[in-house]
Structures are given as structure tokens and as C-alpha cells.
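Right, one structure below, let's go through it.
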Amino acid sequence: MSDTEDQINDEEKAAIVHGFINHAPPGEVDDVIRDSRILLNDDNTFKDGIVEALSKYQQSQFMPVNVDDENAVLLTAHGLQDNGRFIDPATGKSFRFDFSKKSCVDIEDGSVDNGDAESWRSEIDAAISEYVKEYYPAGVSTVYGSQDGSDILITACIEDHKYSPENFWNGKWRSEWKITISGNSATVAGVLKTQVHYYEDGNVQLVSQKECKDEVSSVSSEKQLAEAVRKLVEKFEHEYQAGVFDNYNNMSTTTFKALRRQLPVTRTKIDWNKILGYQIGKEIGGK
């Protein structure tokens, strides 16, 4: 096959770069972009669509951004409007995000028309915010609301992360909770995700996800539902965290044991001091 036939076109190159970005570990997307740019060695192709790929990645990562000095909001697909602007459902402000400068720009005051969903959204927002303050050191939450016919749809997103590149590790927690209020009952469904990357003298990632679901059979008020949602979120997230810890602690006797024998095939420990003694004796005897 000739060199010409082996070459890939610009569209395929861009797709490869997008794949690298989509799979970047938390806190390391800038490093991936820099290295991809060097590998591609074609700025025109690199720049085409890079903002779109980065926007989709940061939305999937629930990137926290500061709209002003007091308010932080998550970049998510739920807050992206048709005109490319993001919305802060708590304040009604809309903005564009400059991914090159990593800042909110063109911020505009406004309001969110959620119909009958706003009273439910605001109560659940308050409950989730208090929960996040209690359990997440640097957590940020954003709660969206909408109405579908007679049903009220609430989506609560939670994010927290800790990046420690000087110690060669980064980690992120994300959870998304969808509350569907129909009549006098509500369904609560959640997706919980953790991702940790450790890369000192190696390259190891922990990627974990769990889905959960429950119902609130009797809904009497916005505040009562908000407290019920908080309790369910707290219950499921604590169970998930405990499960991750248990699995990690059991790895040494299960997963790692299956990957490598703890003893050689002789089923006896190797006496390295004795082997070293044999080696030294052999070298002396050969002189």
C-alpha cells in the first residue's frame, strides 16, 4: 500500500482528536488538547470543531463555572439553549462560555419560564444545595425545571472534584437526579459516576457508574417532596460511596490475586537473600 493510501483525511483526523478529548481524564483535558495539537501538526484542522468537542466534553463533565462573584453554575446539556448560550436556572442569567479563556462572557439578566415547575425547582434546589454544602468540600449543584403536559420534570446535577497533578492523580464525582412529579406521586432516578486517574510510574483509572431509582408515593407539598428527595439522594450516594470503598479494599484479595499469583508455582516464598548468597559464592568461585 502506498504512502498516499495510508494517509487519512482532515475529517478523520478531527474525529480522532475529538475521541481523545471525549476520553480525557478529569482535570487533564488541556494536556490532551496540547498533545493532540502536536500530533496533528495542522492548526487549521485542529481548530475546526475543537470548540464543539470541548463544549460537549465539559458539559458531560458538569464543569463548574462562576457567573459572578457569588454564583457558580454547572455547564450541562440541560442548561444549553438553542442559541448556544447557557442558562443559570437559579438566577435566570444567560451567558456564553469562552473555552479558550475559561470564563463566562456576554452575561445577560433574564428569567426562566418554567411554568408551574419553578416552585418545585426552587425548593428542591434549596434542599440539594444544603446537602452538597454538608457533604462535598468544593461541590456545586444546579437544578433545572420544566413542564411536560401535567407532569413536572426536575433535574438536579451535582459535581465535585479534586485535582492534584503534582501528586499525579485527579478525581471527579458526578451525579444526576431526575425527578418526575405526576399527580400526587414522584419518581426519583439517579446516575452516579466517579472517575479517578493515577499516573505516577504507571497509568491507572477507576471509572465507576451506578443507576438507582425509587418513588415518593405521597406528595403533599413542594417542601415535603424536596426533603424526601434529599433523603433519597443522601441514602443512595452514601451506599454507592461505601460500595466503591469496599470494592477497592477487596481488590488485593480478589481482583489483583486473579491477575497475579501471590506465590510461585512451587507454592513457597522465594528466599532472595539465599539466592543472592548463591550468586556471590558463584562469582567468588569463578575467580
Side-chain angles (χ1 to χ4, degrees), residues 26 59-64 72-80 87-90 112 114-161 171-196 206-250:
Q59 289 175 52
S60 69
Q61 291 289 311
F62 291 178
M63 180 182 181
V73 64
L74 300 178
L75 292 187
T76 73
H78 307 293
L80 180 61
I87 191 76
D88 178 359
V112 182
N114 293 332
D116 296 334
E118 179 55 28
S119 59
W120 300 92
R121 189 211 66 79
S122 61
E123 284 290 348
I124 293 176
D125 187 9
I128 294 296
S129 294
E130 286 300 317
Y131 165 72
V132 170
K133 288 178 182 178
E134 183 174 354
Y135 289 104
Y136 292 89
V140 176
S141 63
T142 302
V143 180
Y144 306 90
S146 63
Q147 191 166 1
D148 182 14
S150 59
D151 291 347
I152 302 296
L153 308 178
I154 306 295
T155 302
C157 301
I158 299 173
E159 188 272 353
D160 197 5
H161 65 266
K172 178 183 281 279
W173 170 291
R174 290 167 289 164
S175 56
E176 180 181 75
W177 296 92
K178 294 186 176 182
I179 303 99
T180 303
I181 308 164
S182 182
N184 295 323
S185 64
T187 301
V188 180
V191 179
L192 293 72
K193 300 178 181 180
T194 54
Q195 185 174 3
V196 179
L206 167 68
V207 181
S208 175
Q209 175 175 319
K210 180 181 179 180
E211 297 183 5
C212 44
K213 188 175 182 179
D214 206 335
E215 291 188 3
V216 180
S217 58
S218 178
V219 176
S220 59
S221 67
E222 291 91 335
K223 189 172 185 62
Q224 176 261 339
L225 176 62
E227 289 301 317
V229 168
R230 175 192 165 138
K231 289 180 181 178
L232 286 175
V233 170
E234 183 175 343
K235 169 180 174 290
F236 282 124
E237 293 196 350
H238 282 188
E239 289 176 352
Y240 174 57
Q241 183 178 2
V244 171
F245 285 163
D246 288 343
N247 287 336
Y248 181 79
N249 291 331
N250 292 333

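Nothing fancy with the numbering, it's 1 onward along the sequence. Hydrogens, waters and symmetry mates are skipped; everything else that's a heavy atom, side chains included, is used.
- Side-chain contact check for Tyr144 versus Cys157: some heavy-atom pair is nearer than 4.5 Å.
- Pairing each heavy atom of Ile154 with each of Gly145, the nearest pair is CD1-CA, 3.9 Å.
- Exactly one residue among Val143, Leu225, Asp125, Ile179 makes a side chain to side chain contact (heavy atoms under 4.5 Å, CB included) with Trp120. That residue is Leu225.
- Closest of all the heavy-atom pairs between Asp160 and Pro137 is OD2-CD, 3.2 Å.
- No donor-acceptor contact under 3.5 angstrom links the side chains of His161 and Gln61, judged on distance only.
- To the nearest 0.5 Å, atoms OG1 (Thr142) and CG (Leu74) are separated by 3.5 Å.
- Note on ring orientation: taking the six-membered ring where Trp is involved, the planes of Tyr131 and His238 are tilted (angle from 30° to 60°).
- Using a 4.5 Å cut-off on side-chain heavy atoms (C-beta onward), Phe62 and Lys193 make no contact.
- Gln241 and Tyr135 are not linked by any side-chain donor-acceptor pair at a separation below 3.5 angstrom, with hydrogens and angles left out of the test.
- Of all the heavy atoms in Val140 and Pro64, the pair that sits closest is CG2-CB, 4.0 Å.
- Considering OG of Ser129 and CZ of Arg230, their distance stands at 10.5 Å, rounded to 0.5 Å.
- Scanning all heavy atoms of the two residues, the minimum distance from Val112 to Pro89 falls at CG2-CA, 4.1 Å.
- Remark: side-chain polar atoms of Arg174 are not paired, donor with acceptor, to backbone N or O of Gln195 under 3.5 angstrom.
- Within 6.0 Å of atom CG in Asn184, 12 or fewer heavy atoms from other residues, nucleotides or ligands are found, so the atom counts as exposed in its surroundings.
- A salt bridge does not link Glu227 to Lys231: none of the charged nitrogens lies less than 4.0 Å from a carboxylate oxygen.
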Table please: side-chain donor-acceptor pairs of residues 207-217 below 3.5 Å, with sequence neighbours left out.
from, atom 1, to, atom 2, distance (Å)
Ser208, OG, Tyr240, OH, 2.9

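- Using a distance-only test at 3.5 Å, with no hydrogens or angles considered, no donor-acceptor pair links the side chain of Glu222 to the main chain of Gln224.
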Item to check | Residues Arg121, Glu118; criterion salt bridge (charged side-chain N to carboxylate O under 4.0 Å, His left out); working and verdict | outcome: CA-CA 5 Å; Arg121 189 211 66 79; Glu118 179 55 28; 3.1 Å; yes
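- With values rounded to the nearest 0.5 angstrom, Ile124 atom CD1 is found 5.0 Å from Ile181 atom CD1.
- For the atom pair CH2 (Trp173) and OH (Tyr136), the distance works out to 4.5 Å, reported to the nearest 0.5 Å.
- Summarising the geometry, atom CD belonging to Glu234 is positioned 11.0 Å from atom CD belonging to Glu239; distances are rounded to the nearest 0.5 Å.
- Taking the side chain as every heavy atom from C-beta outward, Thr76 and Glu176 never approach each other to under 4.5 Å.
- Atom-to-atom distance recorded for His78:NE2 and Ser146:OG is 10.0 Å, nearest 0.5 angstrom.
- Shortest non-hydrogen contact noted between Asp116 and Gln147 is N-OE1, 3.0 Å.
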